[in-house]
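When a ligand or atom number is given, it counts from 1 through the structure's own listing order.
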Amino acid sequence: MTIRTALLEGILTIEIARPEKKNAFTREMYTAAAEALHAADTDAAVRAVLLCGQPGIFTSGNDIEDFLSRPPGQGSDAQDSPVFRFLNALTNCGKPVVAAVTGAAIGVGATMLLHCDFVYVSDEARLAMPFVSLGLVPEFASSLLVPQLMGQRRAAEKLLLGDPFTAQEAVDCGLANAVLPASEVLPHARRVALRFNALPPGAVRDSKKLMRDHQRALVMEAIRTEGAVFSARLRSPEVREALQAFLEKRKPDFSKF
Ligand code: COA
């Protein structure tokens with residue numbers, strides 16, 4: 001199992017633990033993380049969720065071999081795929097979710113941060129949403145939420161060109177709360193999560209829901225629209241070339257498309 005969970009002092013920690021593959025998410029890992037989030041939601045002993053990776057890496061995103069060999073389904077099947085179940089569980093989690101980004105957060109690793117409540121980033125971390133260079137499109141409402149955070153011009157640099165965000169840029173645009181030295185990120189995120197032990201859980205839950213509900217319908221619509229395009233593109237020759245190139249450790253060649 002490459003997702004570790006532990007409940008300690010009211011905090012459910014979900015640790016992405018596959019450092020040999022830079023914490024790339026397989027279908028099994030999405031499923032395990034989704035189950036942990038659902039359990040957190042229903043367990044009164046859990047006051048907050050802490051999402052973390054390994055020293056130097058948060059996650060390199062979806063496992064690229066999985067994308068090639070076991071892509072999420074199309075149409076309504078896509079909504080039922082492990083990645084969707086995980087991201088839906090995160091978006092709908094009633095408990096506060098605190099992310100400790102101790103290193104690179106790429107692809108879905110950056111997308112998921114848009115749906116966390118608190119994000120603390122190591123000064124060495126780089127965040128990137130390189131969907132277009134993989135032949136893909138932004139996912140899980142990032143085509144809505146990233147332009148909302150930083151405006152269309154800067155969002156175009158991040159989503160169309162795939163330019164990375166430095167940790168400070170992530171804070172400046174409101175994607176993250178604070179930049180910290182690498183060794184401080186996890187302890188700080190944990191201290192923030194622990195504060196929920198002293199707060200009334202019903203008020204926390206209702207307040208989080210109110211904060212999210214104003215644009216829930218828009219977010220859900222963006223998720224559906226992007227999901228349909230994303231899963232259709234996943235089967236395109238452009239994506240096959242991009243993913244094969246990554247696995248063969250070469251530059252992709254899009255000149256023939
Ligand atoms: N899926 C599958 N395997 C991955 C992976 C991913 N998303 N990201 C990294 N790996 C694997 C590499 O293939 C390599 O495996 P190997 O040792 O068997 O050759 C191993 O993890 C180490 O990765 P490497 O690229 O050598 O590490 P690095 O420190 O030079 O770079 C990253 C780290 C995260 C910057 C780089 O791996 C990367 O860009 N990964 C792909 C990210 C991506 O495009 N994600 C979007 C998916 S939608």
Report task. Identify the residue among T91, D117, N92 that makes a side chain to side chain donor-acceptor pair (under 3.5 Å) with R212. Result -> D117

Report task. Could you check whether the rings of F118 and Y120 sit parallel, tilted or perpendicular, using 30° and 60° as the cut-offs? Result -> parallel

Query raised in the report: What residue among R70, R18, R27 forms side chain to side chain donor-acceptor pair (under 3.5 Å) with D63?
Result: R18

Query raised in the report: Would R224 and E221 pass as an ion pair if we require N to O under 4.0 Å?
Result: yes

Query raised in the report: Mind checking what makes salt bridge (charged side-chain N to carboxylate O under 4.0 Å, His left out) contact with E226, not counting sequence neighbours?
Result: none

Query raised in the report: Are any side-chain N or O atoms of D123 and backbone N or O atoms of V179, one a donor and one an acceptor, separated by less than 3.5 Å?
Result: no

With the criterion set at N/O pairs under 3.5 Å, what does the list of contacts between the protein and ligand 1 look like, atom names and distances included?
unit_1   : atom_1 : unit_2 : atom_2 : d
ligand 1 : 1 (N)  : I64    : N      : 2.8
ligand 1 : 7 (N)  : S60    : O      : 3.3
ligand 1 : 7 (N)  : S60    : OG     : 3.4
ligand 1 : 7 (N)  : N62    : O      : 3.1
ligand 1 : 8 (N)  : S60    : OG     : 3.0
ligand 1 : 15 (O) : K21    : NZ     : 3.3
ligand 1 : 18 (O) : K21    : NZ     : 2.7
ligand 1 : 19 (O) : K249   : NZ     : 2.8
ligand 1 : 29 (O) : K22    : NZ     : 3.4
ligand 1 : 45 (N) : S60    : O      : 2.8

